[in-house]
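Data first, discussion second: the structure below is written as structure tokens.
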Protein chains: 2
Amino acid sequence: MANIHDIAKKAGVSATTVSRVLNNHKYVSDEKRRAVKNAIDELNYTPNRNAIDLIRGETKQIGVIIPYNNNQAFDQMLHGALNKSIEHGYSVLVLPTRYDAKKELEYLSMLQTKMLDAIIITSRSNVWGAITPFTTYGPIISCEYTDHAEIGCSYMDRYASYVDAFHLLKENGHEKVAFTTARGMESKSTIQTFTAYEDVFGKPPSEYVISSCYSLQDGYRAAQKLLQLKEKPTAIYANGDEVATGIYQYAVSLGMHIPNDLALLGQENQPMGVAFGISTVDHQLIKVGEQAFQLAIEKSKQKIKIPYQIIHRSSI
Amino acid sequence: MANIHDIAKKAGVSATTVSRVLNNHKYVSDEKRRAVKNAIDELNYTPNRNAIDLIRGETKQIGVIIPYNNNQAFDQMLHGALNKSIEHGYSVLVLPTRYDAKKELEYLSMLQTKMLDAIIITSRSNVWGAITPFTTYGPIISCEYTDHAEIGCSYMDRYASYVDAFHLLKENGHEKVAFTTARGMESKSTIQTFTAYEDVFGKPPSEYVISSCYSLQDGYRAAQKLLQLKEKPTAIYANGDEVATGIYQYAVSLGMHIPNDLALLGQENQPMGVAFGISTVDHQLIKVGEQAFQLAIEKSKQKIKIPYQIIHRSSI
DNA sequence: GTGAAAGCGCTAACAC
DNA sequence: GTGTTAGCGCTTTCAC
């Protein structure tokens, strides 16, 4: 594998000069510049990125922490980051945690080992206190709002959107409203859903809250539980459109009509939701990811709120 | 940022000894080992990966080339690669091309620059002749079969699966069968679909072939074209379950019944297919991705065929 | 304009 | 068991 010295020798110049033409410095005579370029072509030379990264102390690589990589929501944020990465000549390393806090810490330490210039956290497993120390080594951007001054945030206004969603349901005459969540109370968005519910309807009956919902099947199961209650809900706010679709399907299999017998509101405007005409709260996760990436490369600690929008279809 | 010499000084040993404890070499006295470990803890030291990579000539990073990152099929292969990467202590770099051949070449040269230990190509943009030269710099694994001895392959037996699918349709009494594809004749899988069709039904009428199908909406549009023909097809083989769902929806909107009025066969066993009960040809893309990763880290040039399976649901 | 020399942070002979 | 020395491939003062 040819290196800079091989080129230098072949072109009859010093390594310094080769480096200069490589980096488009001025003050290189046309003659030598040409000689160097020829040598580079002939030996099919490419500079070693590790050496450059070592000296520069940066890699032009950004890590994106996601809990699962087959989850529509996190994929959307990753998608946004990838969009921007191409634009700016960065590469994106995917860092799946499966909500393993230790794994997450390992990933964060990649800032310290200089593998990564910055890290974007789409959903965290550790408490902030364990995460913030790593900001010493490089920017950490969160896709969830946090007060910590060291952490840049590109976040959706989850709480407001939840309140909005529940209000919408209430305005439509629903009083018996259930909802699904992904994780339990260790998750901020679950807590926010709870609180928003309380604000609008008061404390939710525990049978009206179904957690561990990620997929279509989970939605189906949630509906099974919910629709066998004596006090059936008349509306359900699902934590994703796939989950909402699962609910939809079970309800329809029971001969129920959507939205007459049961109103359904989903989240994230996923393809499956459009297929089933499910109204949804779109948190614009792709934009969240794009903005997060922008903050990452700007080493910015700003807190930027991405607006959500409610998309009305026929399930409500 | 502390480096190995700081640790050495603090522990009162040489850098070599520090390196030795870092890499768990034997022949270090317990005493010095302890001293080094203490120093490491006190200074919160982590070795610089760039320096290590530079010296070792490898990065424990594998790149995965995908055309689009929001496409279910490619995401599945990426998913497979990620699964294995964690197991083996590797990181995965996502390399989206949007089928831009120049971009792909740029990515391939990351082997040469020593950024990547290997590259997995889920779908290629260049001719093989342009790709194979890069195998000099590191393993390239393809998720499509190719004869080139330098390229390892983890592939699905697409052709056989297509023939099988068309046969299945024929056995079910269908003679007027249409199909959709993603790209045109620049894509091997499109060509294979054509050939398989010819083998079973003879040359396809050009109205029966709809390309540029990626999403639900594309399927919807395909159905619009197909179902206004005088000679309507009685069965459609879609290139994905989302596309099949789009077709499904348009057909149903016309008052048609699936499968009585129109049989539908999808591909890749995507969530949306299960939601709509769409029979599908599952090429087991996650396994393809996992196997590809395995080949990559083993620097193997084997050609491994992943079996497909047909999943019977209610659309046929 | 150009090159010599130092150094980024680490590992690996080799000698003792 | 341990340290000295020489690099890995590049960039960057600093002279000339």
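Naming: A, B, ... by sequence-line order, numbering from 1 per chain. Keep in mind the model is a prediction, meaning the values are calculated, not measured.
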Practice item. Using distance alone, with no hydrogens and no angle criterion, decide if A:T46 and B:Q112 have a side-chain donor and acceptor under 3.5 Å apart. Key: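 B:Q112 and A:T46 do have a side-chain donor-acceptor pair below 3.5 Å.
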Point to revise | Side-chain donor-acceptor pair present, A:S123, A:Y99, cut-off under 3.5 Å | key: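 Judged by distance alone, the side chains do pair up.
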**Study point:** Distance-only donor-acceptor test (3.5 Å): side chain B:R20, base D:dG3
**Key:**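 Between D:dG3 and B:R20, which were checked side chain against base, a qualifying N/O pair under 3.5 Å is present.
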Report the nucleotide, chosen from [options], that has the shortest atom-to-atom distance to any side-chain atom of [X].
{"X": "A:N3", "options": "C:dG9, D:dT12, D:dG9", "answer": "D:dG9"}
{"X": "A:S14", "options": "C:dG3, C:dG9, D:dC10", "answer": "C:dG3"}
{"X": "A:A51", "options": "C:dG9, D:dC10, C:dT11", "answer": "D:dC10"}

Is [X] close enough to [N] that one of its side-chain N or O atoms is under 4.0 Å from OP1 or OP2 there?
{"X": "A:T17", "N": "C:dG1", "result": "no"}
{"X": "B:T16", "N": "D:dG3", "result": "no"}
{"X": "A:N48", "N": "D:dG9", "result": "no"}
{"X": "B:Y27", "N": "C:dA12", "result": "no"}

Measure [atom1]/[X] against [atom2]/[N] and give the value in whole Å, please.
{"X": "A:H5", "N": "D:dG7", "atom1": "NE2", "atom2": "C1'", "answer": "11 Å"}
{"X": "B:E58", "N": "C:dT11", "atom1": "CD", "atom2": "C1'", "answer": "13 Å"}
{"X": "A:Y45", "N": "D:dG9", "atom1": "OH", "atom2": "P", "answer": "10 Å"}
{"X": "A:N50", "N": "C:dG7", "atom1": "CG", "atom2": "P", "answer": "22 Å"}
{"X": "A:I4", "N": "D:dC8", "atom1": "CD1", "atom2": "C1'", "answer": "13 Å"}
{"X": "A:M115", "N": "C:dG9", "atom1": "CE", "atom2": "P", "answer": "17 Å"}
{"X": "A:H25", "N": "C:dG3", "atom1": "NE2", "atom2": "C1'", "answer": "15 Å"}
{"X": "A:I55", "N": "D:dT13", "atom1": "CD1", "atom2": "C1'", "answer": "12 Å"}

Have a look at [X] and say if it touches a base, only the backbone sugar-phosphate, or nothing, with a 4.0 Å heavy-atom cut-off.
{"X": "A:N23", "value": "sugar-phosphate"}
{"X": "A:I52", "value": "sugar-phosphate"}
{"X": "A:K32", "value": "sugar-phosphate"}
{"X": "A:V13", "value": "sugar-phosphate"}
{"X": "A:S19", "value": "base"}

Exercise for review: Report the residue (B:G12 or B:L54) whose heavy-atom-nearest nucleotide on DNA chain D is the more 5′ of the two.
Suggested key: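 Nearer the 5' end of the strand: B:G12.
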Check your understanding: Thinking salt bridges, do B:E268 and B:R158 make one under a 4.0 Å N-O criterion?
Key ->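 Judged by the 4.0 Å cut-off on N to carboxylate O distance, B:E268 and B:R158 do form a salt bridge.
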Check your understanding: After noting the C-alpha distance and the side-chain angles of B:E298 and B:Q294, does the key distance pass the side-chain contact (heavy atoms from CB on, under 4.5 Å) rule?
Key -> CA-CA 6 Å; B:E298 289 167 0; B:Q294 201 73 41; 3.4 Å; yes
Exercise for review: For residues B:Y90 and B:F293, establish whether the separation of their ring centroids is below 6.0 Å.
Suggested key: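 Yes; B:F293 has its ring centre under 6.0 Å from that of B:Y90.
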Review point. Can you check side-chain contact (heavy atoms from CB on, under 4.5 Å) on B:L93 and A:V92, steps first, answer last?
Key: CA-CA 6 Å; B:L93 215 59; A:V92 167; 5.9 Å; no
